[in-house]
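Scroll down for the structure; my scribbles are underneath it.
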Amino acid sequence: MTQQQPIQDAVPPRSVKSSPLLFQAGVFVIIVAATLILFNSWQIWSAHQRDLRSAEHESANLARSLAQHADDTFMQVDGNLLDLTERLQTDGLGPSQLTRLQRVMQTQVGYLPQLHGLFIYDARGRWLATSSGKFIKNANNADRDYFKYHQNRDGGGLYIGKVIRSRTTGDLIIPVSRRFNNPDGSFGGVVLATLYVDYFRQFYDSFALNTDASLNLLLADGTILYRRPYSAASIGKNIAKGVLFSEILPHSEFGNATITSLYDKVERIYGYSRVNRFPLVIAAGLSKRDALADWRTDAGLFAAGGLSLLMILLAMGMVLLRQIKHSMQTEAELMRTRDQLTSINQMLEELALLDGLTGLANRRQFDIALKNELARASRNYRSVALLMLDIDYFKQYNDSYGHVAGDQCLQQIGQTLKGLACRSNDILARYGGEEMGIILPDTDVQGALIFAERVIQAVRDLKIPHQGNPHGIVTISIGICAKVPHMYNDTPISFINEADSALYQAKKKGKNCIYSA
């Protein structure tokens with residue numbers, strides 16, 4: 001024993017530091033840690049972008065709703081003004097006519113909650129009739145901007161003025177006016193409708209929004225008619241020098257923009273829209289800070305969890321490195337496990353989005369793609385086409401040739417469809433059984449029909465024998481739904497139902513044909 005011991009000690013143990021496997025394991029730990037860091041960062045950034053997009057969609061929808069409300073509100077008022085103007089120019093300004101008009105004006109004010117009052121002034125600005133029947137002694141409105149506007153212009157267009165304070169009630173009002181002429185075409189006076197600013201205040205305050213949200217009704221020249229949060233000092237302010245009016249609106253009638261407000265210096269995500277028929281602009285802004293409040297909380301929790309996971313990973317990595325010193329087999333097993341996990345993940349990703357038989361997108365990917373494409377097309381007012389196709393007499397094919405041949409038939413048709421796709425964003429999917437779906441973005445009915453003809457001819461050209469089909473070969477029928485989807489009325493289910501109905505009509509017509517809904 002004493003002679004053997006020196007011999008044993010003379011053989012130095014292999015240095016673990018010089019082991020290539022140890023080096024590789026160290027690199028692996030670093031890569032996984034870096035991947036975790038990158039993945040966490042990507043998740044946080046992705047959530048950040050998602051919340052911003054959500055705020056953009058919310059503000060854009062809010063702006064469109066407010067623009068429609070403003071359009072409806074002013075259109076109702078303009079209709080009344082046109083009626084009064086026509087009556088004045090037809091019946092004249094006699095006492096009996098004015099008395100009758102006063103009753104009409106009272107009725108109109110009673111019907112429209114936004115109306116503060118209706119007034120008629122002669123060519124000198126003197127009061128001729130009011131909806132309230134009240135007159136201020138020696139009152140004259142020739143000094144008002146709207147009166148001067150119509151006095152100096154021959155046209156009879158609508159004029160929306162800046163907010164003023166009523167001389168009869170003291171309320172803040174928005175003047176909306178039209179000119180009327182004498183029989184000889186000369187200036188006869190002005191018909192005026194006044195709208196309560198409080199009407200817009202009550203409507204805008206009804207929206208459940210965060211404190212820093214801002215809703216703005218503005219004239220086309222940048223003058224504020226109403227702003228939420230309400231402040232009397234903000235009424236009448238002009239923001240024409242801001243980014244929205246100086247840089248964005250000249251190039252875009254509606255959309256989104258992230259802007260720091262000139263008024264209160266709050267950075268907001270704005271949805272903006274011009275009102276269709278009137279010189280008005282709507283700007284609905286959500287505070288960027290508020291929009292990202294939940295994201296900041298979630299990002300902190302996610303970062304803390306990621307850091308904890310990273311520490312655990314590093315600790316496990318150190319344990320792994322120490323185990324390598326004693327067992328190369330353990331390290332090899334871990335490598336195999338990693339490879340298996342990678343393979344399984346890749347397989348799961350493929351199974352999640354691809355149909356295993358045809359190689360086309362599966363139903364899950366089809367549903368996701370259709371939902372996203374309809375949302376995009378409705379925002380951009382672009383047409384999208386959905387083709388639903390079905391193999392004619394496929395049950396008879398299976399009965400005649402067997403299910404294995406049926407699967408091979410589906411595979412051939414699937415590969416043929418893949419070869420027909422010209423654009424990367426076209427989606428070709430196996431919807432279920434022998435039914436397949438094709439989503440064609442930015443495609444109208446004519447384009448869909450052309451593509452469908454290519455598909456139906458390509459299947460015929462395969463010349464797959466089918467003794468149960470009157471044509472002697474495998475054929476397909478196609479139903480088409482192609483249009484510009486409406487954001488609220490057209491859903492993925494309704495689109496699929498329309499295409500399926502068209503497919504049913506194609507089958508009813510004798511199969512081997514195309515039918516467009």
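In what follows, residues are counted from 1 in the order of the sequence shown.
Within the 4.5 Å cutoff, the side chain of Glu434 has no heavy atoms near those of the Tyr397 side chain. Counting heavy atoms from C-beta outward, Leu428 and Lys418 have side chains that stay 4.5 Å or more apart. Using a 4.5 Å heavy-atom threshold, the side chains of Leu389 and Leu417 count as touching. Contact of the Ile160 side chain with the Leu158 side chain is registered, since non-hydrogen atoms from C-beta on lie closer than 4.5 Å. Using a 4.5 Å heavy-atom threshold, the side chains of Lys507 and Tyr515 count as separate. Contact annotation: the side chain of Leu225 approaches that of Leu280 to within less than 4.5 Å [non-hydrogen atoms, C-beta and beyond]. The closest side-chain heavy-atom distance from Leu249 to Val281 is below 4.5 Å. With contacts defined as side-chain heavy-atom distances shorter than 4.5 Å, the pair Leu370/Ile496 qualifies.
For the pair Arg430 (side chain) and Gly433 (backbone), a donor-acceptor distance under 3.5 Å is present. Under a 3.5 Å cut-off, the side chain of Arg289 and the backbone N or O of Arg268 do not form any donor-acceptor pair. Here the side chain of Ser383 pairs a donor or acceptor atom with the backbone of Thr443 at under 3.5 angstrom. Side chain of Arg228 to main chain of Tyr204: a donor-acceptor pair is present (N/O by atom type, distance under 3.5 Å, no hydrogens or angles). Judged by distance alone, with hydrogens and angles left aside, the side-chain atoms of Asn210 form no donor-acceptor pair with the main-chain N or O of Asp212 at under 3.5 Å. Checked by atom type and distance alone, the side chain of Asp83 never pairs as donor or acceptor with a backbone atom of Gly79 at under 3.5 Å. Judged purely by atom type and a 3.5 angstrom limit, Asp490 uses its side chain to pair as donor or acceptor with the backbone of His486. Panel note: side chain Asn469, backbone His471; a donor-acceptor pair is recorded below 3.5 Å. A donor-acceptor contact shorter than 3.5 Å links the side chain of Ser206 to the backbone of Phe203. A distance-only check finds a donor-acceptor pair linking the side chain of Ser477 to the backbone of Asn512 [under 3.5 Å].
Classification of Asp442 and Arg423 as a salt-bridged pair fails, no side-chain N sitting under 4.0 Å from a carboxylate O. Salt bridge Asp461/Arg454: absent, no basic N to carboxylate O contact under 4.0 Å. In summary, Lys371 and Asp367 do not engage in a salt bridge, as defined by a charged side-chain N under 4.0 Å from a carboxylate O. The pair Arg277-Asp71 meets the salt-bridge criterion, with a side-chain N (NZ, NE, NH1 or NH2) lying under 4.0 Å from an Asp/Glu carboxylate O.
For the pair Arg363 and Tyr431, the cation-pi test (distance below 6.0 Å, angle within 45°) is passed. Annotation: cation-pi geometry satisfied between Arg201 and Tyr230 (NZ/CZ under 6.0 angstrom from ring centroid, within 45° of ring axis). In this structure, Lys511 satisfies the cation-pi test against Tyr393, with its NZ or CZ atom closer than 6.0 Å to the six-membered ring centre and inside 45 degrees of the ring normal.
Note on ring orientation: taking the six-membered ring where Trp is involved, the planes of His69 and Tyr199 are parallel (angle under 30°, cut-offs 30° and 60°). Note: His48 and Trp295 have perpendicular aromatic rings, judged against thresholds of 30 and 60 degrees for the angle between ring planes.
Minimum heavy-atom separation, Tyr270 to Ser261: OH-CB, 3.7 Å. Nearest heavy-atom pair, Leu286 versus Ala55, reported as atom, atom and distance to 0.1 Å: CD1-O, 3.7 Å. Between Ser516 and Val445, the shortest heavy-atom contact is OG-CG1, 3.7 Å. Among all heavy-atom pairs drawn from Met388 and Ala499, the shortest one is CG-CB, 3.3 Å. The shortest non-hydrogen separation linking Ala506 to Cys513 is O-SG, 3.2 Å. Residues Asn256 and Ala60 approach most closely at OD1-CB, 3.6 Å, considering heavy atoms.
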Trace of the side-chain hydrogen bond (donor to acceptor under 3.5 Å, both in side chains) decision for Gln68 with Asp72 = CA-CA 6 Å; Gln68 185 61 55; Asp72 293 342; 2.9 Å; yes

Would Asn61 and Glu56 count as a side chain to side chain contact (heavy atoms under 4.5 Å, CB included) if you check the C-alpha gap in whole Å, the side-chain angles of each, and the deciding distance to 0.1 Å?
-> CA-CA 8 Å; Asn61 290 337; Glu56 288 175 355; over 6 Å; no

Run the side chain to side chain contact (heavy atoms under 4.5 Å, CB included) check on Phe394 and Leu410 step by step: do they pass?
-> CA-CA 10 Å; Phe394 191 68; Leu410 287 172; 3.9 Å; yes

Checking side chain to side chain contact (heavy atoms under 4.5 Å, CB included) for the pair Ser214/Arg227: CA distance, chi angles, key distance, verdict?
-> CA-CA 7 Å; Ser214 175; Arg227 180 181 186 275; 3.7 Å; yes

Phe366 and Leu360: side chain to side chain contact (heavy atoms under 4.5 Å, CB included), yes or no, with the steps?
-> CA-CA 10 Å; Phe366 173 85; Leu360 300 176; over 6 Å; no

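Looking at Ile478, Asp390, Ile514 one by one, the single match for side-chain contact (heavy atoms from CB on, under 4.5 Å) with Leu503 turns out to be Asp390. If you run side chain to side chain donor-acceptor pair (under 3.5 Å) between Asp399 and each of Lys395, His403, Gln396, only Lys395 comes through.
Checking Asn80 against Gln76 by side-chain atom types alone, no donor-acceptor pair falls below 3.5 Å. Side chains of Ser252 and Tyr272: a donor on one and an acceptor on the other come within 3.5 Å. Donor-acceptor pairing under 3.5 Å is lacking for the side chains of Ser424 and Asp426. A donor atom on one side chain and an acceptor atom on the other are not found under 3.5 Å apart for Ser494 and Asn489. Thr358 and Asp355 share a donor-acceptor pair across their side chains, judged by distance under 3.5 Å alone.
Within 6.0 Å of CZ in Phe245 there are more than 12 heavy atoms belonging to other residues, nucleotides or ligands. Remark: Met311 CE is loosely packed, at most 12 non-hydrogen atoms of other residues, nucleotides or ligands lying under 6.0 Å away. A 6.0 Å sphere centred on CE of Met316 holds no more than 12 heavy atoms belonging to other residues, nucleotides or ligands. Within a 6.0 Å sphere centred on CZ of Arg364, heavy atoms belonging to other residues, nucleotides or ligands number 12 at most. Other residues, nucleotides and ligands contribute more than 12 heavy atoms inside 6.0 Å of the CG atom of Leu309. Residue-environment remark: CZ (Arg460) exceeds the threshold of 12 foreign heavy atoms within 6.0 Å.
The CG atom of Asp444 lies 9.0 Å from the CG atom of Leu449; values are rounded to the nearest 0.5 Å. Of the inter-residue distances, the one linking Thr211 atom OG1 with Asp290 atom CG reads 7.0 Å to the nearest 0.5 angstrom. Atom CZ in Arg53 sits 6.5 Å away from atom OG in Ser46 (nearest 0.5 Å). Rounding to the nearest 0.5 Å places CG of Leu462 at 11.5 Å from OG1 of Thr475. Here CD1 of Ile174 is found 5.5 Å from CG of Leu217. Values are rounded to the nearest 0.5 Å. We find the CD-CG distance between Glu58 and Asp51 to be 11.0 Å, quoted to the nearest 0.5 Å.
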